[in-house]
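Structure incoming, see below.
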Amino acid sequence: MATDKDFERIALSLPGTEARPHVDRTAYRVRRIYATLAPDRLTANLMYGPSDQTRFCAARPDAFIPLPNKWGDKGATTVVLAAVTEEELREALERAWELHQ
């Protein structure tokens, strides 16, 4: 089970990542935002394209959920932190980070 602390540690370990406030969330960015941590710190949104979203959601539908809006149509995906392992979270964050270099 991953935690918000795991999320922050992994995200900030990715080269060039900065954490900044973004609306009511904390955004993690390199050139662009690739992830945001929810205010309740139980979920995070990862910015994928549709193909990566499909891959993660198909593999773990209990843990990865498309956002129910236009951002979700473009690939934005919620991850339930308690539903993933630290290794799954690392893979998910690294992929989002790679897409935003």
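Count residues from 1 along the sequence.
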Legend entry - Side-chain touch R55/D52, heavy atoms, less than 4.5 angstrom: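 With C-beta onward as the side chain, the pair touches.
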Legend entry - Listed once per pair and sorted, the ring-ring contact (aromatic ring centres under 6.0 Å, His included) pairs that draw on residues 2-23, sequence neighbours left out: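 Output for this query lists F7-Y28.
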Inset, instruction - Keeping to residues at least two apart or across chains, list the salt bridge (Lys or Arg N to Asp or Glu O under 4.0 Å) pairs with something in residues 19-37. - result: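 Only E18-R20 qualify under salt bridge (Lys or Arg N to Asp or Glu O under 4.0 Å).
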Inset, instruction - Could you tell me which residues satisfy side-chain hydrogen bond (donor to acceptor under 3.5 Å, both in side chains) with Y34, sequence neighbours excluded, listed by chain and number? - result: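 Partners of Y34 by the side-chain hydrogen bond (donor to acceptor under 3.5 Å, both in side chains) criterion, ordered by chain and then number, come out as T17.
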Inset, instruction - Give the other cluster members for I65, using side-chain heavy-atom distances under 4.5 Å between Ile, Leu, Val, Met, Phe, Trp and Tyr residues; answer none if it is isolated. - result: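 Same cluster as I65: V80.
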Legend entry - For E86, side-chain hydrogen bond (donor to acceptor under 3.5 Å, both in side chains) partners two or more places apart: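 With sequence neighbours excluded, E86 shows a side-chain hydrogen bond (donor to acceptor under 3.5 Å, both in side chains) to R9, given in chain and number order.
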Inset, instruction - Please list, chain by chain and in numerical order, all residues satisfying side chain to side chain contact (heavy atoms under 4.5 Å, CB included) with T54, sequence neighbours excluded. - result: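 None.
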Inset, instruction - State which residues pass salt bridge (charged side-chain N to carboxylate O under 4.0 Å, His left out) with D62; sequence neighbours excluded, sorted by chain then number. - result: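 D62 satisfies salt bridge (charged side-chain N to carboxylate O under 4.0 Å, His left out) with R60 once adjacent residues are dropped.
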Inset, instruction - Please name all residues satisfying side-chain hydrogen bond (donor to acceptor under 3.5 Å, both in side chains) with T3, sequence neighbours left out, ordered by chain then number. - result: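 Counting only residues at least two positions away or on another chain, T3 forms a side-chain hydrogen bond (donor to acceptor under 3.5 Å, both in side chains) with D6.
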Inset, instruction - Could I get the full list of side-chain hydrogen bond (donor to acceptor under 3.5 Å, both in side chains) partners for E98, not counting sequence neighbours? - result: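 Applying side-chain hydrogen bond (donor to acceptor under 3.5 Å, both in side chains) to E98 gives R95.
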Legend entry - Residues which pass ring-ring contact (aromatic ring centres under 6.0 Å, His included) with F56, listed by chain and number, not counting sequence neighbours: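 ring-ring contact (aromatic ring centres under 6.0 Å, His included) check on F56 returns Y48, F64.
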Legend entry - Nonpolar side-chain network containing L42, other nodes, edges under 4.5 Å: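 Once heavy-atom contacts under 4.5 Å are chained together, L42 still belongs with nothing else.
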Inset, instruction - Sort and list the pairs that fulfil side chain to side chain donor-acceptor pair (under 3.5 Å) and have at least one residue in residues 65-82, not counting sequence neighbours. - result: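 Found N45-T78, Q53-T77.
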